[in-house]
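Naming convention: chains lettered A, B, ... in sequence-line order (proteins, then strands); numbering from 1 in each chain.
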Number of protein chains: 2
Amino acid sequence: MPEFATLDHESLSSAVYGALCDALIQGRFQPGDRLKIRDLAEQFGTSVTPIRDAILRLANEEAITFRSPRDIRIPSMSESRYREIRAIRVKLEGLAAETAAQVATSADIDCLEQILRDNERAIADGDRLKGTQLNQAFHFMLPEIAGLPVLNGILRRLWLQMGPLISDAYIPGGRAMIDHHYPVIEALKRHDSAAACMAIVDDILLGGKPILERIEREERLQMMRV
Amino acid sequence: MPEFATLDHESLSSAVYGALCDALIQGRFQPGDRLKIRDLAEQFGTSVTPIRDAILRLANEEAITFRSPRDIRIPSMSESRYREIRAIRVKLEGLAAETAAQVATSADIDCLEQILRDNERAIADGDRLKGTQLNQAFHFMLPEIAGLPVLNGILRRLWLQMGPLISDAYIPGGRAMIDHHYPVIEALKRHDSAAACMAIVDDILLGGKPILERIEREERLQMMRV
DNA sequence: ATAAGATACTTGATGCATCTTTTTTGGCAT
DNA sequence: ATGCCAAAAAAGATGCATCAAGTATCTTAT
């Protein structure tokens with residue numbers, strides 16, 4: 001069970017929500033982990049009310065599920081669900097990349113290149129957490145550059161659902177995780193929408209391979225257990 | 001302020017949430033309407049807790065916003081936001097239509113045709129509410145047929161945000177709202193993915209015209225007021 | 001009559017008590 | 001040892017009291 005960052009947002013509810021989101025996206029929960037409102041309340045040092053608020057919000061976006069009315073858990077993802085999310089990401093991040101390529105300024109490009117440099121260093125240092133965070137930052141930067149906040153929110157929700165899977169899936173991936181980020185930047189520099197879209201799609205499909213393999217491995221285990 | 005359907009779900013919270021969703025999707029709130037937790041609690045005959053739960057969930061998906069920490073309102077949509085949502089719908093409903101075309105059974109087709117027949121009758125009867133509901137049912141049936149539940153959830157959230165706009169936008173639209181549904185069904189019958197995608201895209205772009213005009217009208221009014 | 005300040009009210013956030021249902025546990029019989 | 005049933009503990013749902021912050025209203029001095 002992870003420890004959480006300190007609470008410093010607008011309200012306790014949203015602070016807890018933010019902390020839980022971070023924990024999910026960083027892969028600090030495992031599929032199947034059970035959450036208890038009272039336990040979390042103790043860990044956060046609040047009453048149960050703000051925790052409930054946060055849990056309900058997360059449950060609403062299916063980052064957490066109620067297996068039964070009193071059993072709150074991190075869901076495990078089926079292969080078909082992951083494939084669906086991947087297909088959605090291909091369409092939406094493709095749109096983001098296309099649009100970003102049309103409007104990207106040199107400052108935007110600089111920002112992306114900085115992220116990529118930091119990511120290279122994190123991978124060289126073997127800092128898995130930082131690596132996944134920077135990978136994520138790169139992906140979220142594209143809808144940002146494109147000026148598509150709604151799309152950004154949708155992707156954030158999808159990432160929340162994938163979080164528990166990526167915790168260790170990127171160990172074998174190594175730097176394959178970011179190889180496809182370079183063509184994205186090149187395409188943005190040339191304002192080449194089609195190339196930007198293709199590059200990010202490649203990244204999603206190939207970069208997601210280790211995740212798919214992990215899911216298949218886990219589903220095989222499920223089978224054998226039954 | 002609308003009246004709400006009776007509560008009959010699993011829990012009071014989700015019942016209230018469902019009722020508020022229905023009200024939003026049916027366009028029974030207007031942009032700018034203010035919600036008060038205590039008032040809603042009285043209307044629903046519950047305490048404030050389930051209402052808060054529902055409101056927080058809706059706020060999380062941006063179907064309602066907290067203008068200030070104590071001022072809960074139905075947001076009005078900017079033109080750029082609507083255009084973004086439309087672009088996202090084009091990608092996602094396009095994907096749903098493509099996939100549905102590959103897997104649709106004759107039972108699925110029958111279901112779509114039934115919806116379309118009912119929709120024709122509703123329009124002929126001048127039943128605006130039923131018309132918009134059936135239009136929505138048609139759109140939600142495609143990801144259902146395609147077996148894409150995540151996509152369905154995303155679209156549901158987007159519809160929640162558009163709900164307050166469509167209440168009267170479809171009056172001038174008349175039956176233009178469903179003209180493009182026929183080519184969709186034809187494409188599904190032929191298992192023609194590309195045609196299905198194109199047809200639904202046409203429907204989104206052309207069917208959404210009245211909504212865009214309403215937004216432009218309201219933004220002009222906003223201008224003049226300032 | 002008007003404007004500024006003070007008072008009362010409104011309203012969401014938080015904490016907490018209680019209720020019902022589920023889950024766990026302990027003991028007993030096989 | 002194992003499986004089953006009952007009692008106890010756990011846990012989320014609901015209701016409600018209180019708090020703090022914002023809003024409206026009323027008073028009062030000019």
Q. Nearest-Å distance, CG (A/Asp71) to C1' (D/dA10)?
A. 12 Å
**Q.** Whole angstrom value for the distance that separates P of C/dT14 from CD1 of A/Ile51
**A.** 11 Å
Q. When the distance from CG of A/Leu35 to C1' of D/dG12 is rounded to whole Å, what number comes out?
A. 13 Å
Q.
Looking at the base of C/dT20, is there any donor atom on it, or on the side chain of A/Arg70, that sits under 3.5 Å from an acceptor on the other one?
A. yes
Q. So which nucleotide from C/dT23, D/dA13, C/dT11 ends up closest to the side chain of A/Phe66?
A. D/dA13
Q: Rounded to the nearest angstrom, tell me the gap between atom CZ in A/Arg34 and atom P in D/dA10.
A: 12 Å
Q. For B/Arg52 and B/Asp39, take the nucleotide of DNA chain C holding the closest heavy atom to each; which residue's nucleotide lies nearer the 5' end?
A. B/Asp39
Q. Which part of the nucleic acid, if any, lies within reach of A/Ser68 when heavy atoms closer than 4.0 Å are counted: base, sugar-phosphate only, or nothing?
A. sugar-phosphate
Q: Kindly compute the distance separating CD1 (B/Ile55) from CZ (B/Arg52), expressed to the nearest 0.5 Å.
A: 10.0 Å
Q: Have a look at A/Ile72 and say if it touches a base, only the backbone sugar-phosphate, or nothing, with a 4.0 Å heavy-atom cut-off.
A: sugar-phosphate
Q) Nearest-Å distance, CD1 (B/Ile55) to C1' (C/dT11)? A) 12 Å
Q) Under 6.0 Å from the CD atom of A/Glu79, do we count more than 12 heavy atoms belonging to anything else shown? A) yes
Q: Kindly compute the distance separating CD1 (B/Ile109) from CE (B/Met141), expressed to the nearest 0.5 Å.
A: 11.5 Å
Q. How close or far is atom P of D/dA10 from atom CD of A/Glu42, stated in whole angstroms?
A. 12 Å
Restricting both atoms to N or O, compile the protein contacts to nucleotides 15-18 of chain D shorter than 3.5 Å, with distance only.
residue : atom : partner : partner atom : Å
D/dG15  : OP2  : B/Ser47 : N            : 3.0
D/dG15  : OP2  : B/Ser47 : OG           : 2.9
D/dG15  : O5'  : B/Ser47 : OG           : 3.4
D/dG15  : N7   : B/Thr49 : OG1          : 2.5
D/dC16  : N4   : B/Thr49 : OG1          : 3.2

Q. Could you state the interatomic distance from OH (B/Tyr82) to CG (B/Leu165), rounded to the nearest 0.5 Å?
A. 8.0 Å
**Q.** Member of A/Val16, A/Leu35, A/Leu20 meeting the side-chain contact (heavy atoms from CB on, under 4.5 Å) criterion with A/Ile51
**A.** A/Val16
(Q) Just by distance, no angles: are the side chains of A/Gln43 and A/Asp39 close enough, under 3.5 Å, to form a donor-acceptor pair? (A) no
Q: For B/Lys36 and C/dC9, give me the distance from atom NZ to atom C1', rounded to whole Å.
A: 11 Å
Q.
Tell me whether the side-chain N/O atoms of A/Ser13 come closer than 4.0 Å to OP1 or OP2 in C/dT14.
A. yes
**Q.** Rounded interatomic separation in angstrom, taking CG from B/Asp53 and P from D/dG12
**A.** 13 Å
Q. DNA chain C: A/Pro69 or B/Ile37, which has the more 5' nearest nucleotide?
A. B/Ile37
Q. For B/Asp108 and B/Thr105, what are the C-alpha separation, side-chain angles and deciding distance, and is it a side chain to side chain donor-acceptor pair (under 3.5 Å)?
A. CA-CA 5 Å; B/Asp108 292 331; B/Thr105 65; 3.1 Å; yes
